[in-house]
Amino acid sequence: MKRIKTISVIVLLSMILAMLSSCANVSYIATVDNEKLPVGPYAFYAYYTRDSYQSNLSYYGVTDFTSALTEQADSSGVKLYDYIMQETKSSYIQHLITERKFEEYGLSLTEDQLAALDKTFQESWVDANGIEKFTEICKTLELTSAEFKNMISVSYKNTQLMEYLFGEGGIYEINEDELRNKYADGYERFRYIAISKVDASGNMLTTDELIAKKALVDAAYQRAVDGEDFGALIAEYSDDYLTITDDLTEEQKTAYEASNKQACEDGLVIDKNGIFNYEYYMYYNYVIDSNIVNAVFSDTMAEGDVKSLELSTAFWIIQKCDKNEKEDYFESKRSLIYNEIASPILEELFTEWENELLITFNEAAVNKYDPRKISPLFITSTNAVK
């Protein structure tokens, strides 16, 4: 009898704790200077970050995102769900700081920015989702339509904050000479012919096939050294040159033509890390092989020089080109160079501002938006987030 009473007390305590937990106050997300902050903006980042990871992972074939949240972990052992929650907090804090600094510095959006905001809000959110779905999104996030619009205005506010800090006359002004010097020191341009050593399934070709491929490489290389037009050789030899067939749609043909034009005329402008397309790098961690990067940046390779390289899966013939031949080449890297200079300064400032913020999160509300507890909200297809 005594044992039964003991068990009953334990069960009762568990029930009381569960009730207390379920009654936890989740009406605010955090406090700053004794001010309780609304949950809406945090909820936006919680859903958006969760859905972005699901969308990106689905691209790599992950179909069971629920399991991935608890089974996948980074190199330090942090589970995916915990990583998403950390990223959500970070995004929310940056949002909060941007809003506060925007107001503190007396900044305002330009007429063009306000017009762009109106267009983005209407077309990308209201029209794209339909009024019923958009209303449902706002209800889930506990945001009014106006509050939602203010949420997405933060990117424009951040642009103005950056201009205030780094623009002409700013405390940390980044001038044109600085940008162009960074481009001169940190970027190179090249065109290439790539001839694969593997088949469509990724299997290494047979010895005879590799010998035949090497003969193609040698022929193309010699013709390039002899001064033949390298763009024409790309079209003739490179596996990356796309064949345009009649069965392609007009949209595909246009895309293929643009890709071929870039390969034959512009080539790639890369930095010393081998990054030629920042989006490819961010989403797929794709960079140019270090052997190619080292060759292009080598002092022994002058503009117009040609070099043949054998990599693990392909033969490459590269030609170093003039990165200043077109102003477009510099302009295509302007924002990256700008961010390269500004980012370390901005990170230091945000760390300082975050320490001054003295924010205290309401963990009960934070746990409500644990990615394991919420469902997709912004995913409009199996692999896309707005």
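Keep in mind the model is a prediction, meaning the values are calculated, not measured. Numbering of residues begins at 1 and proceeds along the displayed sequence.
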Aromatic rings [X] and [Y]: how do their planes relate, parallel, tilted or perpendicular, breaks at 30° and 60°?
X      : Y      : value
Tyr338 : Phe166 : perpendicular
Phe190 : Trp316 : tilted
Phe378 : Phe148 : tilted

Side chain of [X], backbone of [Y]: donor and acceptor closer than 3.5 Å?
X      : Y      : answer
Asn339 : Ser343 : no
Asn158 : Val154 : no
Thr135 : Ile131 : yes
Lys182 : Ile337 : no
Ser259 : Ala255 : no
Ser238 : Asp240 : yes
Thr88  : Ile84  : yes
Lys307 : Ala295 : no
Ser58  : Ser55  : yes

Should the pair [X]-[Y] be classified as a salt bridge under the 4.0 Å nitrogen-to-oxygen rule?
X      : Y      : value
Lys214 : Glu310 : no
Arg189 : Asp266 : no
Lys272 : Glu340 : no
Arg180 : Glu327 : yes

Tell me whether [X] at atom [atom1] has more than 12 heavy atoms from other residues, nucleotides or ligands lying less than 6.0 Å away.
X      : atom1 : value
Glu168 : CD    : no
Glu103 : CD    : no
Tyr105 : OH    : yes
Glu331 : CD    : yes
Asp33  : CG    : no
Asp299 : CG    : no
Tyr83  : OH    : no
Glu251 : CD    : no

So is [X] actually on top of [Y]'s ring, under 6.0 Å and inside 45° of the axis?
X      : Y      : result
Lys333 : Tyr183 : no
Lys157 : Phe102 : yes
Arg191 : Phe230 : no

Worksheet entry | Worked verdict on Asn291 versus Asp289 for side-chain hydrogen bond (donor to acceptor under 3.5 Å, both in side chains) | CA-CA 5 Å; Asn291 292 289; Asp289 187 281; 2.8 Å; yes

Worksheet item: If Ile, Leu, Val, Met, Phe, Trp and Tyr residues are connected whenever their side-chain heavy atoms lie under 4.5 Å apart, and connections chain through other members, are Trp353 and Leu358 in the same group?
Response: no

Practice prompt. For Asn367 and Glu363, run side-chain hydrogen bond (donor to acceptor under 3.5 Å, both in side chains): C-alpha distance rounded to whole Å, both residues' side-chain angles, the deciding distance at 0.1 Å, then the answer.
Written response: CA-CA 6 Å; Asn367 289 332; Glu363 293 301 330; 5.1 Å; no

Fill in: Full working for side-chain hydrogen bond (donor to acceptor under 3.5 Å, both in side chains) between Asn129 and Glu136
CA-CA 10 Å; Asn129 285 289; Glu136 179 189 330; over 6 Å; no

Over all atoms of both residues, closest heavy-atom pair of [X] and [Y]:
X      : Y      : value
Thr245 : Lys253 : O-CE, 3.4 Å
Ala220 : Ile193 : CB-CD1, 4.4 Å
Lys323 : Ala184 : NZ-O, 2.7 Å
Tyr241 : Ile234 : CB-O, 3.8 Å

Worksheet item: Under the side chain to side chain contact (heavy atoms under 4.5 Å, CB included) criterion, do Arg334 and Glu176 qualify, and how do the steps go?
Response: CA-CA 10 Å; Arg334 177 186 286 275; Glu176 187 71 8; 2.9 Å; yes

Worksheet item: Does the side-chain hydrogen bond (donor to acceptor under 3.5 Å, both in side chains) test come out yes or no for Thr110 and Asp112, once each step is laid out?
Response: CA-CA 5 Å; Thr110 66; Asp112 287 345; 5.3 Å; no

Practice prompt. Check whether the ring centres of Tyr92 and Tyr42 lie less than 6.0 Å apart, and answer yes or no.
Written response: yes

Discussion item. Please report whether the ring centroid of Phe315 lies less than 6.0 Å from that of Tyr237.
Written reply: no

